[in-house]
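Dropping a structure here in structure tokens format, bear with me for questions.
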Amino acid sequence: MRSGSTEDVTGELLTAILDLAGDLDIRSLLERFVAVSTSLTGARFGAINIVDEHGASTTFVQSGVDERTVAALGHPPHATGVLGQIPDTGVLRLDDLTQHPAFGGLPPGHPPMGSFLGAAVRVRGERYGTLYLSQKPGGFVAEDESIVLALAAAAAVAVENAELYAIERRREQWLNAGQQITTMLLEGTDEEEVLEHIATTARQIDGADTCALVLPGRGGELVMEIVTGPDQAQLLGLDLTDDPRVTSALEDGTGQITSSLAAADDVHPLLAQYGPALFAPMRASGQGVGVLVLLRRLGAPPFNPIDLTLSRTFASQAALAFVLAEGRRVQGQTVLHDERTRIARDLHDLAIQQLFAAGLQLEAARADATIPLPPKLDGVIDSVIGHVDSGIRQIRVIVRTLDDPGAAVSLVQRVRAELELAQSALGFPPSLSITLDGDPIDVDGADRDPERAIDELVAPGRANNVVAVVREGLSNVARHARSGSVSVRVAVTSPPPHGAITVEVEDDGVGVPPAPSRASGTRNLQARALQSGGTFVILRPPSGRGALLRWTAPLD
């Protein structure tokens, strides 16, 4: 015990206990605890060590050893040797640490340690950490034990309060994050942007090094679709269909935490570089939508059940928001379909019937022998009747198109429509070039023969793929490229023997990112190419500026 009256020490002890109780920051609290423990006992060195279930240190706060020496030692001590002999209750007091039977030596460069006092800090009945004190001149005495036990009890209460405070703060952060996601979806924010926001937010709040969203693919495979963190390029697109932690979280909805993926069985080699991991199910209405995966580096503090509970609540909120957004989209499609049906019915029942009646009247007037018509007027009436018949045919095409969008509309016109729709998102009109066997087609002209020739060559399913590729390519440019111009080129080469269709979308924007942050769009294009027996690449254009998307598939 340091010099001073009992009253002075007692007063300092009470002051220290009150100071500990008022500190709600865990790191600051631990530093204060170590500092007051060394001060009140007169120890030269002090530390609190928090270890994982394997005895490896996860948090180490010390005083008395300079930073250069700490750096040279490399890593905090593990709970082995003499340190492993400290009891859960009471203290371990030694006159000379090196004389204990469990002493295994000190690391090279470690300051000498003689007198020693160790005590456990217990929170909610479990050992939270262990206090080490050493090098008190003359050795530790019974009064030091009393001081340390009182401080440890006060620190335990303070740690519990600080943890509860931290949990409430994180709960509020998760709640705010869930509300923000709902707002983004209801405002019509792009789905991939929302997914990336979910991953980024979860990573920040839970202190993870990497966060990924594992989502079901078309074939039922479970893929890391969205990844944020330093290993994004490695993990993006990783298939985890066979990972038992992912499938369990998706199917039973409970999720799990793992102390170390590096020590786990049945783990993908790319995940074996991580330590603690958390798998939180994204579920809505009892159905799995995906899995939120949080990863920390080896040696990082493990996730705890509270982390899983809060992350699971957030993941469920995100999943529910997506279900609601999907419901709104389906509802909008239903309203759109009903409106199209009404317009088609009105066109058929009103416009066509009126045109048909007008045509009959003109036919009757021309056929009435009692009303001779000049040859010139007869020719005009004949021309008008032709226009009426043409108008009726066109309206019937429109009616069929409204009932089945894409039907009876040429591929050329469908591609033109995609460019017109993309103009508002791009902020400028994209250019369009379509060729058939190397000959350009006038996409704005009245000659429909080349359009019909293309439709005869390109099967309906392949035409749908072409439209989807153009739409996704323009969407990617609008979202990511920050370009001032974009050109769309469609080239059709007819058989024999190697008929094919090629779609190119070229922009002058920021170019191809070295580690793309999103994969859904390009993955869809790749999937469409594979399904069609074709290819898909994103290249640097010959101009050296922007990016060139090229999608090719055979005609048959």
Side-chain angles (χ1 to χ4, degrees), residues 190-192 195 215-227 233 235-239 241 406 410-412 414-419 421-422 430-438 454-481 483 486-507 509 511-542 546-556:
D190 179 73
E191 183 175 311
E192 288 184 31
L195 288 171
L215 305 174
R218 292 185 177 181
E221 68 279 5
L222 299 174
V223 178
M224 279 191 170
E225 185 70 21
I226 301 292
V227 180
L235 299 180
L236 196 62
L238 184 65
D239 190 337
T241 307
S410 71
L411 176 58
V412 172
R414 292 176 66 186
V415 171
R416 277 190 60 193
E418 291 300 327
L419 269 68
L421 289 172
S431 64
L432 174 63
S433 169
I434 299 180
T435 60
L436 174 58
D437 290 329
I454 288 178
D455 289 338
E456 290 176 359
L457 290 170
V458 183
R462 191 73 80 246
N464 291 337
N465 279 335
V466 169
V467 174
V469 170
V470 172
R471 179 185 305 134
E472 188 63 46
L474 292 173
S475 176
N476 284 339
V477 172
R479 288 181 298 188
H480 312 310
S483 64
V486 59
S487 60
V488 176
R489 298 184 289 271
V490 179
V492 179
T493 56
S494 61
H498 303 298
I501 184 165
T502 299
V503 179
E504 292 185 339
V505 180
E506 181 177 345
D507 67 77
V512 183
S517 61
R518 299 177 186 140
S520 294
T522 54
R523 196 182 310 284
N524 288 338
L525 297 180
Q526 182 72 47
R528 289 182 182 276
L530 293 175
Q531 291 169 1
S532 304
T535 60
F536 164 70
V537 292
I538 298 181
L539 308 167
R540 176 74 68 178
L548 171 61
L549 179 156
R550 178 178 294 140
W551 186 94
T552 302
L555 292 179
D556 48 17

**Asked** For Leu549 and Val469, what are the C-alpha separation, side-chain angles and deciding distance, and is it a side chain to side chain contact (heavy atoms under 4.5 Å, CB included)?
**Response** CA-CA 9 Å; Leu549 179 156; Val469 170; 4.1 Å; yes
**Request:** Return the minimal non-hydrogen interatomic distance between Gly546 and Pro541, and the atom names on each side.
**Result:** O-CD, 3.3 Å
**Item:** Flag side-chain contact, heavy atom, 4.5 Å: Val503 against Val415
**Value:** no
**Prompt:** Taking side chain as C-beta onward, heavy atoms only, is Ile454 less than 4.5 Å from Ile434?
**Reply:** yes
**Message:** Can you confirm whether Thr502 sits close enough to Val490 that some side-chain heavy atom of one is under 4.5 Å from a side-chain heavy atom of the other?
**Reply:**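 No - every pair of side-chain heavy atoms lies 4.5 Å or more apart.
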**Request:** Look up atom CG in Leu236 and atom CD in Glu225, then write down how far apart they are to the nearest 0.5 Å.
**Result:** 7.0 Å
**Asked** Hey, are the side chains of Val505 and Val486 touching, using non-hydrogen atoms and a 4.5 Å cut-off?
**Response** yes
**Message:** Within this structure, what is the CD1-CG distance for the pair Ile538 and Leu548, rounded to the nearest 0.5 Å?
**Reply:**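 Atom-to-atom, Ile538:CD1 and Leu548:CG are 9.5 Å apart.
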**Message:** Between Arg462 (side chain only) and Ala500 (backbone N and O only), is there a donor and an acceptor less than 3.5 Å apart?
**Reply:** no
**Any side-chain heavy-atom pair of Asn464 and Arg414 under 4.5 Å** = yes
**Request:** Measure the OG1-CD1 distance between Thr552 and Ile501 for me, rounded to the nearest 0.5 Å.
**Result:** 9.5 Å
**Prompt:** Looking only at heavy atoms, what is the nearest atom pair of Ala463 and Val458, with distance?
**Reply:**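 Nearest pair, atom of Ala463 first, then Val458: N-CG1, 3.6 Å.
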**Message:** Side chains of Ser494 and Asp437: any donor to acceptor distance under 3.5 Å?
**Reply:** yes
**Message:** Nearest 0.5 angstrom please: Arg416 CZ to Leu432 CG, how far?
**Reply:**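 If I round to the nearest 0.5 Å, the distance is 8.0 Å.
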**Asked** How far does OG of Ser487 sit from CD of Glu506, to the nearest 0.5 angstrom?
**Response**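 Ser487 atom OG to Glu506 atom CD measures 5.0 Å (nearest 0.5 Å).
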**Request:** Report the distance from atom CD of Glu504 to atom OG of Ser433, rounding to the nearest 0.5 Å.
**Result:**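 That separation rounds to 9.5 Å.
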**Request:** Determine whether Val470 and Leu419 make a side-chain contact, defined as any pair of heavy atoms from C-beta on separated by less than 4.5 Å.
**Result:**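 When only atoms from C-beta onward are counted, Leu419 and Val470 do touch, with a gap below 4.5 Å.
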**Prompt:** Checking Thr241 side chain against Leu222 main chain: does a donor-acceptor pair fall under 3.5 Å?
**Reply:**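 Judged by distance alone, yes, a pair lies under 3.5 Å.
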**Request:** I would like to know whether Thr435 and Val492 meet side chain to side chain contact (heavy atoms under 4.5 Å, CB included); could you show each step before the answer?
**Result:** CA-CA 6 Å; Thr435 60; Val492 179; over 6 Å; no
**Request:** List the atom of Gly533, the atom of Pro554, and the distance in Å for their closest heavy-atom pair.
**Result:**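 Looking at all heavy atoms of both residues, the closest pair is O-CD, 3.6 Å.
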**Prompt:** Side chains of Trp551 and Asn465: closer than 4.5 Å at any heavy-atom pair?
**Reply:** yes
**Asked** Under the side chain to side chain contact (heavy atoms under 4.5 Å, CB included) criterion, do Val223 and Leu238 qualify, and how do the steps go?
**Response** CA-CA 6 Å; Val223 178; Leu238 184 65; over 6 Å; no
